[in-house]
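Residue numbers start from 1 in every chain, and the chains themselves are labelled A, B, ... in the order their sequence lines are given, proteins ahead of strands. Everything quoted here is computed from the prediction, not taken from an experiment.
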Number of protein chains: 2
Amino acid sequence: MHLTRFTDYSLRVLIYLAVKGEERSTITEIAETFDISRNHLMKVVQELGHKGYITAIRGKNGGLLLNRTPESIGLGQLVRDMEHELSLVECFRDHNDCIITPACRLKPILNEALAAFLAVLDDYTLADMLGQRQPHLARLMQIPTAEK
Amino acid sequence: MHLTRFTDYSLRVLIYLAVKGEERSTITEIAETFDISRNHLMKVVQELGHKGYITAIRGKNGGLLLNRTPESIGLGQLVRDMEHELSLVECFRDHNDCIITPACRLKPILNEALAAFLAVLDDYTLADMLGQRQPHLARLMQIPTAEK
DNA sequence: TTTAAATAGTATTTTACATGCATGTTTGTG
DNA sequence: CACAAACATGCATGTAAAATACTATTTAAA
């Protein structure tokens with residue numbers, strides 16, 4: 001059971017932007033910080049933009065900004081938005097060949113478990129991901145601290 | 001987020017054996033019933049045997065039997081046993097390059113969510129998967145009903 | 001001793017995911 | 001206006017995990 005890197009990278013982007021604060025960040029900068037594929041990151045950013053989490057400003061001196069406060073970004077919603085396939089087993093999907101589905105209690109049980117999983121994440125926001133640790137995170141990501 | 005077919009098939013095998021009851025079932029029979037790869041099913045059965053869920057009897061007239069009562073087979077344990085990789089994101093794995101791990105709260109939060117997921121499954125057993133539906137399941141799997 | 005079954009190991013194929021590349025579009029700056 | 005810096009988009013390719021296939025071996029009943 002895995003989340004995709006897509007979701008993982010989404011979280012990293014949001015953390016980065018939150019720590020960076022007012023200042024714009026670029027995709028290149030984030031890709032280099034985490035040493036991950038710039039191309040892949042572009043698509044992550046694109047979708048984060050479409051879903052309203054961030055604002056992407058084109059053109060020279062463009063970049064990315066958080067579009068919502070860290071407190072308002074729930075992790076449950078984020079996972080639901082970014083993890084495209086939340087179908088745990090075959091009988092969750094459109095194409096299902098399992099012959100016992102009509103009588104099988106597996107799907108409702110797994111649905112309940114999935115709901116519990118997401119409910120925990122609903123208790124946390126991006127702000128909780130930072131907490132007191134913002135300075136430590138800033139150091140790790142080599143973001144010059146805001147106070148200048 | 002998916003469970004592997006390996007885990008899915010494990011559940012199907014256990015359901016089949018539970019409905020079949022005292023009588024032995026063969027891998028071929030189960031593979032044909034669900035129209036899935038016999039070869040893949042072999043490995044599932046092998047591991048279910050190693051983990052003590054079922055007994056495999058070799059030789060002519062051999063076959064498979066449940067080794068424990070349906071009531072004693074918890075779904076949480078089954079998923080923990082059969083789903084080899086329960087590492088949700090990179091920072092759960094041995095090889096982790098994410099530079100913010102030391103300050104990042106993601107891992108503990110996801111761990112809590114995973115625990116909630118498994119806790120729900122711990123509330124159910126193989127017996128709950130059958131319930132009153134045993135006759136319906138038997139029909140769907142084309143198992144002649146026990147009373148003869 | 002033949003046959004039907006599980007067991008085991010290896011190889012191949014599939015597929016979702018990730019990555020790369022080329023090109024387009026937008027926008028600030030000189 | 002031209003350029004450069006940034007995101008946007010579509011298509012092609014790579015890759016690793018999972019699934020499947022193949023082949024041989026072991027076991028035990030008839």
For the pair E23(A) (side chain) and K20(A) (backbone), establish whether a donor and an acceptor sit closer than 3.5 Å, ignoring hydrogens and angles.
no

Of K60(B) and Q46(A), the one whose closest nucleotide on DNA chain D sits nearer the 5' end is Q46(A)

Rounded to whole Å, CD1 of I36(A) lies from P of dG20(C) at a distance of 11 Å

Review point. Any side-chain N or O of N39(B) less than 4.0 Å from the OP1 or OP2 oxygen of dC22(D)?
Key: no

Kindly work out whether a path of hydrophobic side-chain contacts (I/L/V/M/F/W/Y, heavy atoms less than 4.5 Å apart) joins L106(B) to M1(B). yes

note: L64(A), atom CG; dA8(D), atom P; distance rounded to Å ~ 8 Å

Rounded to whole Å, the CZ-P distance (R58(A) to dC7(D)) equals 10 Å

Taking dT19(C), dC17(C), dT7(C) as options, the one with an atom nearest any side-chain atom of S37(A) is dT19(C)

Could you tell me if H2(A) and E83(A) have a donor-acceptor pair between their side chains, going purely by distance under 3.5 Å?
no

L41(A) atom CG is separated from dG20(C) atom C1', nearest whole Å, by 14 Å

_Any side-chain N or O of R5(B) below 4.0 angstrom from OP1/OP2 of dT20(D)?_
yes

Practice prompt. Could you check whether H50(A) gets within reach of a base, just the sugar-phosphate, or nothing at all, counting any heavy atom under 4.0 Å?
Written response: sugar-phosphate

Looking at R80(A) and D122(A), does any basic side-chain N land under 4.0 Å from a carboxylate oxygen?
-> yes

- Under 4.0 Å between a side-chain N or O of Y9(B) and OP1 or OP2 of dA18(D)? no

The answer to which of L3(A) and I57(A) contacts DNA chain C further toward the 5' end, by nearest nucleotide, is L3(A)

Respond yes when some side-chain nitrogen or oxygen of N61(B) is under 4.0 Å from OP1 or OP2 of dA28(D), and no when none is. no

In whole angstroms, the gap separating P of dA17(D) from CG of D8(B) amounts to 21 Å

Is there a path of hydrophobic side-chain contacts, each under 4.5 Å between heavy atoms, that joins L114(A) and L110(B)? yes

Of dA19(D), dA6(C), dC17(C), the nucleotide closest to the side chain of H2(B) is dC17(C)

Look at the side-chain N and O atoms of T28(A) and state whether any lies under 4.0 Å from the OP1 or OP2 oxygen of dA6(D). no

Rounded to whole Å, the CG-P distance (L48(A) to dA8(D)) equals 11 Å

Of the listed dA6(C), dT25(C), dT20(D), the closest approach to the A56(B) side chain comes from dA6(C)

K43(A) has its side chain closest, among dC11(D), dA18(C), dT7(C), to dC11(D)

message: Whether the T7(B) and S10(B) side chains hold a donor-acceptor pair (N or O, under 3.5 Å, no angle test) is what I'd like checked.
response: no

Regarding G49(B), tell me which of base, sugar-phosphate or nothing describes its non-hydrogen contacts under 4.0 Å with the strands shown. nothing

Whole-Å distance, E47(A) CD to dA8(D) C1', equals 14 Å

To the nearest angstrom, the CD-P distance between E32(B) and dA5(C) comes to 11 Å

